[in-house]
Protein chains: 2
Amino acid sequence: MRANCMADVSDEKLDRGARCIKTLAHPLRLKVLAVLAGREMSVGEILDAIGTTQSNVSQHLSQLRDKGVLASRREGNQVFYRVRDPKLFDLLALVRELFCDRPVDGWAA
Amino acid sequence: MRANCMADVSDEKLDRGARCIKTLAHPLRLKVLAVLAGREMSVGEILDAIGTTQSNVSQHLSQLRDKGVLASRREGNQVFYRVRDPKLFDLLALVRELFCDRPVDGWAA
DNA sequence: ACAATATATAAGAATATTCTTATATTAATG
DNA sequence: CATTAATATAAGAATATTCTTATATATTGT
């Protein structure tokens, strides 16, 4: 049954699926997820860790939150982001396993 | 250790990872994968199942093959494509699990 | 209320992806 | 070898994404 789990998927669902996957398909967003692995961080901390403009980080964070990948929480002046579901890292590990020659090395050719 | 599996990933590797994920991030390419679940198919058969131009399908198939998602085999006049690693469907199932409210329903809001 | 800090949003320029159209390649057949 | 069928490739137009710059909003402290 596994092999057939994708049969008869409607075009609309394929669109939504593609949009979801697209959410993960950007180096800065992957870096955000890497940095957020395990812990919660404020936008400022993420900004320091990532290295781009404040506006750019903010936009990527919004995108990740809008798609349900991240959750956020305001505390006074700051906003903290976290990965909503740790299964996400299983997914990313699977991506590596599938696309990498030598998984230990990280993302591959 | 799981939560930290993405720490210290180089920018270059993030780029490659994003490109890999991007390969899956298109409705027509997802549809190709759905259609190819389990079986091997010729370009012509895929074309019939997908519904777009011959050129367009061919380009998406190339992209999927170049990234290692699909493998191809020529037999006389025709070229047959297949999913290289069935783990791909585990990955897609995880995407659904993560992004869908009701997984049974398919890709979700 | 005002200034300072942290974050978000808007608008458009820069860039990348996708699609369309036309043409090329490859293999089979008469 | 000319023709047909199947698939691939090239070039550019159409479209979508990302980044930059400027500005807005929210919260805290004075």
Side-chain angles (χ1 to χ4, degrees), chain A residues 11-12 14-33 35-36 39-83 99, chain B residues 11-12 14-33 35-36 39-83 99:
Chain A
D11 286 0
E12 195 223 341
L14 291 169
D15 278 355
R16 283 192 267 158
R19 274 199 299 277
C20 291
I21 296 175
K22 213 171 278 187
T23 305
L24 306 177
H26 189 283
L28 278 184
R29 290 194 293 274
L30 284 183
K31 196 166 185 179
V32 166
L33 299 177
V35 152
L36 280 178
R39 59 189 179 287
E40 182 186 65
M41 288 175 79
S42 72
V43 175
E45 290 173 310
I46 296 169
L47 185 48
D48 289 345
I50 297 301
T52 176
T53 64
Q54 180 270 319
S55 170
N56 196 215
V57 166
S58 184
Q59 284 171 105
H60 284 301
L61 288 172
S62 300
Q63 205 174 327
L64 287 164
R65 188 188 41 201
D66 291 350
K67 288 298 189 313
V69 178
L70 299 182
S72 68
R73 161 182 83 82
R74 175 177 282 272
E75 191 180 307
N77 228 1
Q78 296 168 296
V79 176
F80 290 86
Y81 281 85
R82 67 184 175 282
V83 172
F99 286 106
Chain B
D11 286 1
E12 195 223 340
L14 291 168
D15 278 355
R16 281 192 269 160
R19 276 199 298 277
C20 292
I21 296 175
K22 211 171 281 185
T23 304
L24 306 177
H26 189 283
L28 278 184
R29 288 194 295 273
L30 284 181
K31 195 166 185 180
V32 166
L33 298 177
V35 153
L36 281 178
R39 59 187 178 287
E40 182 186 65
M41 287 175 79
S42 72
V43 175
E45 289 173 311
I46 296 170
L47 185 50
D48 288 345
I50 298 301
T52 175
T53 64
Q54 180 269 319
S55 170
N56 197 217
V57 166
S58 184
Q59 284 171 106
H60 284 301
L61 289 173
S62 300
Q63 204 173 328
L64 287 164
R65 190 188 39 200
D66 291 350
K67 288 297 189 310
V69 177
L70 298 182
S72 68
R73 163 181 83 82
R74 175 177 281 272
E75 192 178 306
N77 227 1
Q78 295 170 294
V79 175
F80 290 86
Y81 282 84
R82 66 184 176 281
V83 172
F99 286 106

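It should be emphasised that the depicted structure is a prediction, and the values quoted were computed from it without experimental measurement.
- In this structure the side chain of A/Y81 never reaches within 4.5 angstrom of the side chain of A/V57, judged on heavy atoms.
- Within the 4.5 Å cutoff, side-chain heavy atoms of B/K31 are placed close to those of A/D11.
- Atom CD of A/Q54 is separated from atom P of D/dT20 by 13 Å (rounded to the nearest Å).
- Distance A/I50 CD1 to C/dT7 P: 14 Å, rounded to the nearest Å.
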Write out a two-atom table: protein N or O, nucleotide N or O from nucleotides 26-30 of chain D, distance below 3.5 Å.
{"residue": "D/dT27", "atom": "O2", "partner": "A/N77", "partner atom": "OD1", "Å": "3.3"}

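- At least one side-chain heavy atom of B/L30 sits less than 4.5 Å from a side-chain heavy atom of A/I21.
- Residues A/V32 and A/L70 meet the side-chain proximity criterion, which asks for heavy atoms closer than 4.5 Å.
- For the pair B/R82 and B/R73, the minimum side-chain heavy-atom distance is below 4.5 Å.
- Where B/S42 and A/R29 each meet DNA chain D at their nearest nucleotide, the meeting point lying more 5' is that of B/S42.
- A/H26 is not listed as a side-chain neighbour of A/Q63, based on a closest heavy-atom distance of 4.5 Å or more.
- Using a 4.0 Å heavy-atom cutoff across all strands shown, A/Q63 reaches sugar-phosphate atoms only and no base atom.
- Note: CD (B/Q78) to P (C/dA28) measures 10 Å, nearest angstrom.
- Residue-to-nucleotide contacts include no donor-acceptor pair under 3.5 Å from the side chain of A/S55 to the base of C/dT7.
- Atom CG of B/L70 and atom P of D/dT7 are 14 Å apart (whole Å).
- For B/S62 and A/N56, each mapped to the nucleotide of DNA chain D holding its nearest heavy atom, the one lying further toward the 5' end belongs to B/S62.
- Among the nucleotides D/dA6, C/dA8, D/dA8, the one closest to the side chain of B/R65 is D/dA8.
- Nearest nucleotide to the side chain of B/S58, out of D/dT9, C/dT17, C/dT20: D/dT9.
- Among the atoms of the strands shown, none is found under 4.0 Å from any heavy atom of B/F80.
- The base of D/dT20 sits within donor-acceptor range of the side chain of A/Q59, with an N or O pair under 3.5 Å.
- One atom, CG of B/L24, and another, P of C/dT18, lie 12 Å apart when rounded to the nearest Å.
- Between B/H60 and D/dA8 there is no side-chain polar atom (N or O) within less than 4.0 angstrom of OP1 or OP2.
- Contact of the B/L33 side chain with the B/R29 side chain is not registered, since no non-hydrogen atoms from C-beta on lie closer than 4.5 Å.
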